[in-house]
Q: 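One structure, pasted below without further comment.
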Protein chains: 2
Amino acid sequence: MTIISKQGKKFRVPDATIHRLPLYLDKLILLQQAGVKEVSSRQLATSLDIKASQLRHDFHYFGGFSKPGRPYLVDLLVPALEEIIGIDVPLPMVIIGAGHLGQAIANYKNFERQGFPVLGIFDVDPRLVGLEIRGIPIRPQSEMESFVRENQVRLAVLTVPVQAVQEVANKLMACGVVGFWNFSPTDIKVPGTVIVRNERLAVGLMCLSFKTKRLGNLELFP
Amino acid sequence: MTIISKQGKKFRVPDATIHRLPLYLDKLILLQQAGVKEVSSRQLATSLDIKASQLRHDFHYFGGFSKPGRPYLVDLLVPALEEIIGIDVPLPMVIIGAGHLGQAIANYKNFERQGFPVLGIFDVDPRLVGLEIRGIPIRPQSEMESFVRENQVRLAVLTVPVQAVQEVANKLMACGVVGFWNFSPTDIKVPGTVIVRNERLAVGLMCLSFKTKRLGNLELFP
DNA sequence: TTCTCTCTGTCAAACGAATAACACATTCGG
DNA sequence: CCGAATGTGTTATTCGTTTGACAGAGAGAA
């Protein structure tokens, strides 16, 4: 449930729709690489296991991408979606906490390709400071604030221990960070002008537990 | 939307509810550790930023945990939720793919505490085979199937490259695996008797991008 | 041209989830 | 022992999302 305004007009885009946009883009890029030029809503939707009407409904929030009777043009849709999602302009980020998870994220090359270059990694542990991950040096936590300010970083990945999260987030917000990708299992308190995405891995695991343990008595539809 | 049967009765529990159960449990364990004995739906709900009515509604799916007029007893609720979620009995898992993400997950001690011990890690890369993570050796991929069979592993974490995912999943299903925690950015095809949880990290990042880039023209509610 | 076919944009209906409302069981103070 | 206060279990209402339906725009064939 997010409200955005575009060209003066204000409208609401459901969170559910926003979550699907990257999936659409992903499939479309694959099609583009395969040399496919046109794709209908039905083709694209079934390949993603959703209904075609939902896909058209989603696209409808952002105005038409085609004309009635004609399928979507892949080469036209890809940049349009990239602009909507916002990855047409790179959004540099910093990673706070160079533990295993922080390192794993820093190592994931695709993020850079998708417009999220990692400018810096920070940690309090002096044994980690100085190490490099894909050429990005791990810096001491004490340099975090000046670095973020100087490089005008807007997005931060939080992979620090639970107790430290809120304090780190506060400091970052003071330096201009407006988006957090939070991997600690705790909510952080932020003003309404800051976006937080909580990535609670343990929750996913428990949902899996809930479902697998009930597999025996699961009632299935055809 | 999951259908479960319990004591002969069949009923449906929304996915949204299932996702909240771990959050409830988490907060309750914190309360328990703090020595709190009783907690009302309102107290628990507001600490999780949800409505009390929703919490009661969620609990209602699993029968009453208290009596009208009396708050919930923490020491009673914790084991009840643990049983519902299914973490009262450990669910051992294997990790396929010992890249950075696989190693990060293997290193996360909390999973073990929460009832998800990592029995084995597998990788095709001979340079990784033989290394140990928290005492768990990385084994060659070739041993995966016999290991899974012998240890009756039911849950597998997939952190292998996209191209390999489906094949690995197929092999694992043939060996009795019924639940996947899939970190590759691709859907895997499974029969209805198998549960898949897709953890698409890039999607989270893009949602963040969508929202942060629209911060300027975001309309906020009080 | 005209007819048919395809497939979008758009609106309406159906469905599901979140919130509010309330009846009533329990405790506690007087 | 009674009345007020508390707070659950449960039902009703509201809200948002998904699905279905359809008009009509364009393309291509005859």
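A, B, ... follow the sequence lines: proteins, then strands. Residue 1 opens every chain.
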Q: Check step by step if side chain to side chain donor-acceptor pair (under 3.5 Å) holds for A/Asn182 and A/Glu199.
A: CA-CA 6 Å; A/Asn182 177 28; A/Glu199 212 70 56; over 6 Å; no
Q: What residues, two or more places apart in sequence or in another chain, satisfy ring-ring contact (aromatic ring centres under 6.0 Å, His included) together with A/Phe111?
A: A/Tyr108, A/Trp181
Q: What protein N or O atoms touch nucleotides 23-27 of chain C N or O atoms at under 3.5 angstrom, if any, and at what distances?
A:
residue, atom, partner, partner atom, Å
C/dA25, N3, B/Pro68, O, 3.3

Q: Return the value, rounded to whole Å, for the distance between atom OH of B/Tyr24 and atom P of D/dT8.
A: 13 Å
Q: Tell me which nucleotide among D/dT18, D/dT17, C/dC7 gets nearest to the side chain of A/Ser40.
A: C/dC7
Q: What is the distance, to the nearest angstrom, from the CG atom on A/Asp15 to the C1' atom on C/dA17?
A: 14 Å
Q: Once side-chain hydrogen bond (donor to acceptor under 3.5 Å, both in side chains) is applied, do any residues pair with B/Lys51, and if so which ones, sequence neighbours excluded?
A: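 Partners of B/Lys51 under the side-chain hydrogen bond (donor to acceptor under 3.5 Å, both in side chains) test: none.
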Q: Does any N or O in the side chain of A/Ser47 come within less than 3.5 Å of the main-chain N or O of A/Lys27, such that one atom is a donor and the other an acceptor?
A: no
Q: Are A/Asp15 and B/Lys211 ion-paired here, with the side-chain N under 4.0 Å from a carboxylate O?
A: yes
Q: Using the C1' atoms of five pairs at each end, what's the angle between the two axes of the helix from C/dT1-D/dA30 to C/dG30-D/dC1, to 10 degrees?
A: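 Roughly 0°, once rounded to the nearest ten degrees.
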Q: Using a cut-off of strictly less than 4.0 Å between a heavy atom of the residue and any atom of DNA chain C, enumerate the qualifying residues of residues 41-59 of chain B by number.
A: B/Lys51, B/Ser53, B/Gln54, B/Arg56, B/His57
Q: Do side-chain atoms of B/Gln166 reach the backbone of B/Lys189 as a donor and acceptor pair under 3.5 angstrom?
A: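 Yes: the side chain of B/Gln166 pairs with the backbone of B/Lys189.
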Q: When you check the phosphate oxygens OP1 and OP2 of D/dG9, does a side-chain N or O of B/Tyr72 lie under 4.0 Å from one of them?
A: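 Answer yes for this pair, as a side-chain N or O of B/Tyr72 is under 4.0 Å from OP1 or OP2.
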Q: Just verifying a value: how many Å separate A/Met206 CE and B/Phe116 CZ, rounded to the nearest 0.5 Å?
A: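 Answer for the CE-CZ pair, A/Met206 versus B/Phe116, is 5.5 Å.
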Q: Take A/Val168 and A/Lys171, measure what side chain to side chain contact (heavy atoms under 4.5 Å, CB included) needs, and give me the verdict at the end.
A: CA-CA 5 Å; A/Val168 167; A/Lys171 283 182 184 166; 5.8 Å; no
Q: Between B/Thr212 and A/Leu91, is a side chain to side chain contact (heavy atoms under 4.5 Å, CB included) present by the stated rule, with each step listed?
A: CA-CA 10 Å; B/Thr212 48; A/Leu91 187 63; 3.7 Å; yes
Q: Check every atom of D/dT17, D/dT18, D/dT11 against the side chain of B/His60 and return the nucleotide holding the closest atom.
A: D/dT11
Q: Applying side-chain contact (heavy atoms from CB on, under 4.5 Å), name anything that partners B/Gln152, two or more places apart in sequence or on another chain.
A: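 B/Gln152: side-chain contact (heavy atoms from CB on, under 4.5 Å) contacts with B/Arg154.
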Q: So, B/Glu83 side chain and B/Ala80 main chain: donor-acceptor pair closer than 3.5 Å or not?
A: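 Judged by distance alone, no pair lies under 3.5 Å.
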